[in-house]
Each structure stands twice: as C-alpha cells, then as structure tokens.
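Reviewing the structure listed below.
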Amino acid sequence: MRALIDGDIVVFRAACSAIDDDQWVALARADKMMQDILEDVGASSYQVYLTGTGNFRRELTPTYKAHRPDERPTHWQAVRDYLEREHKAIVCNGWEADDQMGIDQDKIGESTVICSIDKDLLQIPGRHYNFVKKEAQTVGTDQGRKFLYLQSLIGDKSDNIIGVAGIGPVKAGKALAELETEEEWYEKCRELYNDDERYHLNLQLLYIWQKPNDKWELPPSSDLTRSVSEDHPPTQPQQEQQP
C-alpha cells in the first residue's frame, strides 16, 4: 500500500501547533504525524505532496482563495523545507497538491490511499483516509463524480467558491438524491444555479485532476452539449470535382 500524503495539511497543522515553540518542536510534530499516518494505513511506501507556486485556477478567476491571509504560521516554511529534504516531498508548481494526488491515485485497485482531511478529494475514486478523524473509506467512480456536483451546489468557503444561495449539505443531498446519472446531476445543478457562466466556472475550480493537464468537461449527453453540437455540426470534407 502506497500512502499519498497531503503535505500542505501536515505543514499547516504542525506549524500551527508550535507557534510559541522552538522550530524543532514543529518538525518533530510533523514527523509524528507522518509516522501515525503510515502506521494507520499500513503503508509500505509513501509520497508527500506540496502545493508550490502558480495555480491555473487563479488564471480562471483572481477571486480563487483570494480571501486567505498571506501571513503563515511560525515555522511554516521550515516544516515545508523539512518535508522536501527529509521526506522527498513533490512540489507542484502551476497546479495543486490535490491535483497530483488525484493523478497518482489508483482509482480501480487498492495500491494507493489518499491521506488528507480535504473533503474535495472525495471526488477522486479509490481509497481515502482522514488522518485527523481516523476515518477510512473507499469512493466509487459514480460516488466521486456525484460529490463534485454536490460541492458545486454547496460551494467551498475556504477556497472562496460560492455555491447556490441557501443550499448546504443537507439540501444539496436531497436535490440529487433521486438522480442516478451525471447528466441528471449536471442538469439539476444547472437549473438551481440559473447562471451557466458561474456554474461552469465553479465546476472548473472545484474539479481535481485525474490525469495530467485534466479539466472538467460537459457531460456528453447533457442538453447544453447537444445544443452546442446542433449549432456547430461537424463539417464534412468536400468531394473533389472531377474535371
């Protein structure tokens, strides 16, 4: 079992727990967190991921995570450097650690497990472990895809993504409860948004990569996809005229 560890969470929690302590305390707590995760999931190997510089989501909209404070907790950089140096953490520049974990996750077998507390990662099929709540679960392909649409309704305040007004987890669950296909989830959420531009932007922001340079795309059978296809039918090659 290979553990895919969300280093961003490890860094933040270790640094926050040692704001008034010496640097070695923060590093020791990061190490202890790592050790606990590996023992909990029975990992034979692991990879740590850190979000680096640049983020394509900021190119989609400057409001993405714009409300987060620039100031980092004491020892934040020291813990990051430590994870890079001692735990060979991968630094993801241009995309987020979540995206690389989504790419590297074994989505049909049990060779990897995503270790994080970030609920957005539950859209990725495969094994998951919340190392704060000590909860393990396996996410199916349809379950993960449905979670993306549930999140589009709820939004994500931590990333400054605003969903549909008045809809929280309970109402979102009820809205999609009787629907079974992605096309149905998509159309129901589109109806509740009543704003295609904002709806599609939020889906692009919330979507976590499952392959390199991935992106969210319209469901093939959605009403909007059919409308676009009808408005722009594929051109047929012209036959050469015989002399």
Side-chain angles (χ1 to χ4, degrees), residues 1-58 61-102 104-105 112-122 124 127-137 151 154-162 168-169 205-206 208:
M1 175 68 64
R2 185 171 178 80
L4 311 181
I5 301 176
D6 189 339
D8 292 339
I9 303 298
V10 174
V11 168
F12 187 77
R13 292 184 68 86
C16 284
S17 74
I19 290 176
D20 298 320
D21 297 309
D22 293 335
Q23 184 181 110
W24 71 267
V25 176
L27 303 185
R29 287 176 178 169
D31 257 341
K32 180 62 166 61
M33 207 180 309
M34 293 284 298
Q35 180 182 354
D36 288 346
I37 293 169
L38 298 177
E39 290 180 355
D40 287 349
V41 300
S44 57
S45 64
Y46 70 97
Q47 181 62 62
V48 184
Y49 302 83
L50 295 168
T51 299
T53 59
N55 190 330
F56 74 92
R57 292 176 176 86
R58 286 279 181 88
T61 174
T63 63
Y64 180 71
K65 294 187 178 181
H67 65 310
R68 292 195 179 185
D70 293 330
E71 185 177 351
R72 305 293 188 183
T74 307
H75 311 312
W76 181 86
Q77 188 62 52
V79 179
R80 277 182 64 91
D81 294 343
Y82 182 76
L83 290 184
E84 284 189 64
R85 183 176 67 252
E86 300 298 330
H87 292 280
K88 312 303 180 187
I90 292 175
V91 180
C92 306
N93 295 315
W95 59 95
E96 299 181 31
D98 290 3
D99 296 308
Q100 194 61 50
M101 284 187 283
D104 292 349
Q105 171 83 313
T112 66
V113 53
I114 289 177
C115 303
S116 179
I117 65 172
D118 189 344
K119 63 183 182 304
D120 293 343
L121 281 160
L122 294 177
I124 303 298
R127 297 186 61 176
H128 291 261
Y129 180 66
N130 184 315
F131 54 81
V132 172
K133 294 182 177 180
K134 303 289 185 179
E135 293 178 350
Q137 64 177 299
Q151 281 299 101
I154 301 165
D156 189 336
K157 290 183 179 179
S158 66
D159 289 342
N160 203 29
I161 300 173
I162 309 303
L205 296 173
L206 289 165
I208 295 174

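No experiment lies behind these values; they were computed from the predicted model shown.
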Report task. First locate atom CD1 of I90, then atom CD of E84, and finally report the distance between them rounded to the nearest 0.5 Å. Result -> 11.0 Å
**Report entry** Exam field: side chain Q105 to backbone R127, donor-acceptor pair closer than 3.5 Å
**Finding:** yes
Report summary line: Correct closest heavy-atom pair for N93 and G52 would be OD1-CA, 3.3 Å
Requested in this report: Mind running side-chain contact (heavy atoms from CB on, under 4.5 Å) on I37 and Y46 for me, showing each step along the way?
Outcome: CA-CA 10 Å; I37 293 169; Y46 70 97; over 6 Å; no
Requested in this report: Under the ring-ring contact (aromatic ring centres under 6.0 Å, His included) rule, collect the residues that match up with F12, sequence neighbours excluded.
Outcome: none
Query raised in the report: Could you give the distance from CZ (F131) to CD (E39), rounded to the nearest 0.5 Å?
Result: 14.5 Å
Query - Non-hydrogen atoms of D6 and S116 that approach each other most closely - result: OD2-OG, 2.8 Å
Report task. Check whether the side chains of Q151 and D120 place a donor and an acceptor atom closer than 3.5 Å, and report yes or no. Result -> yes
Report task. Go through the structure and list residues passing side-chain contact (heavy atoms from CB on, under 4.5 Å) with D31, not counting sequence neighbours. Result -> Y82, H87
Query raised in the report: For the residue pair H128 and L121, what are the closest heavy atoms and their distance?
Result: CE1-O, 2.9 Å
Query raised in the report: Quick one: salt bridge (charged side-chain N to carboxylate O under 4.0 Å, His left out) pairs with a partner in residues 40-56, sequence neighbours left out?
Result: D40-K134
Query - Pairwise side-chain contact, L27 with E86, heavy-atom cut-off 4.5 Å (strictly under) - result: no
**Report entry** K32: salt bridge (Lys or Arg N to Asp or Glu O under 4.0 Å) partners, not counting sequence neighbours
**Finding:** D36
Report task. With the side chain counted from C-beta on, respond yes when L38 and I5 share a heavy-atom pair under 4.5 Å apart, and no when they do not. Result -> yes
Query raised in the report: Any side-chain donor-acceptor pair under 3.5 Å between N160 and T63?
Result: no
**Report entry** Closest non-hydrogen atom pair, L83 against G7
**Finding:** CD1-O, 4.0 Å
Query raised in the report: Does CG in D20 sit with more than 12 non-hydrogen atoms of other residues, nucleotides or ligands closer than 6.0 Å?
Result: no
Requested in this report: Quick one: pull up OG1 in T61 and CG in L205 and give me the separation to the nearest 0.5 Å.
Outcome: 6.5 Å
Query raised in the report: Would you call D21-R29 a salt bridge at under 4.0 Å N-O?
Result: yes
Query - L122 CG to I114 CD1 distance, which is reported to the nearest 0.5 Å - result: 8.5 Å
Requested in this report: With sequence neighbours excluded, tell me which residues meet side-chain contact (heavy atoms from CB on, under 4.5 Å) with D22.
Outcome: W24
Query raised in the report: Where is the tightest heavy-atom contact between V41 and C115, given as atom of each residue plus distance?
Result: CG1-SG, 4.2 Å
Report summary line: Applying ring-ring contact (aromatic ring centres under 6.0 Å, His included) to W76 and not counting sequence neighbours gives none
**Report entry** Nearest-0.5 Å distance, CD of residue Q47 to CG of residue L4
**Finding:** 8.0 Å
Query raised in the report: Judged by atom type as modelled, is there a donor-acceptor pair below 3.5 Å linking the side chain of S44 to the main-chain atoms of M1?
Result: yes
Report summary line: What one should report as the nearest heavy-atom pair of C92 and Q100 is SG-CB, 3.6 Å
Report task. Measure the CD1-CD1 distance between I9 and I117 for me, rounded to the nearest 0.5 Å. Result -> 4.5 Å
Query raised in the report: Pick one: which of D8, N55, D118, L50 meets side-chain contact (heavy atoms from CB on, under 4.5 Å) with E96?
Result: N55
Requested in this report: Just do the side-chain contact (heavy atoms from CB on, under 4.5 Å) check on R2 and D104 with the steps written out, would you?
Outcome: CA-CA 10 Å; R2 185 171 178 80; D104 292 349; over 6 Å; no
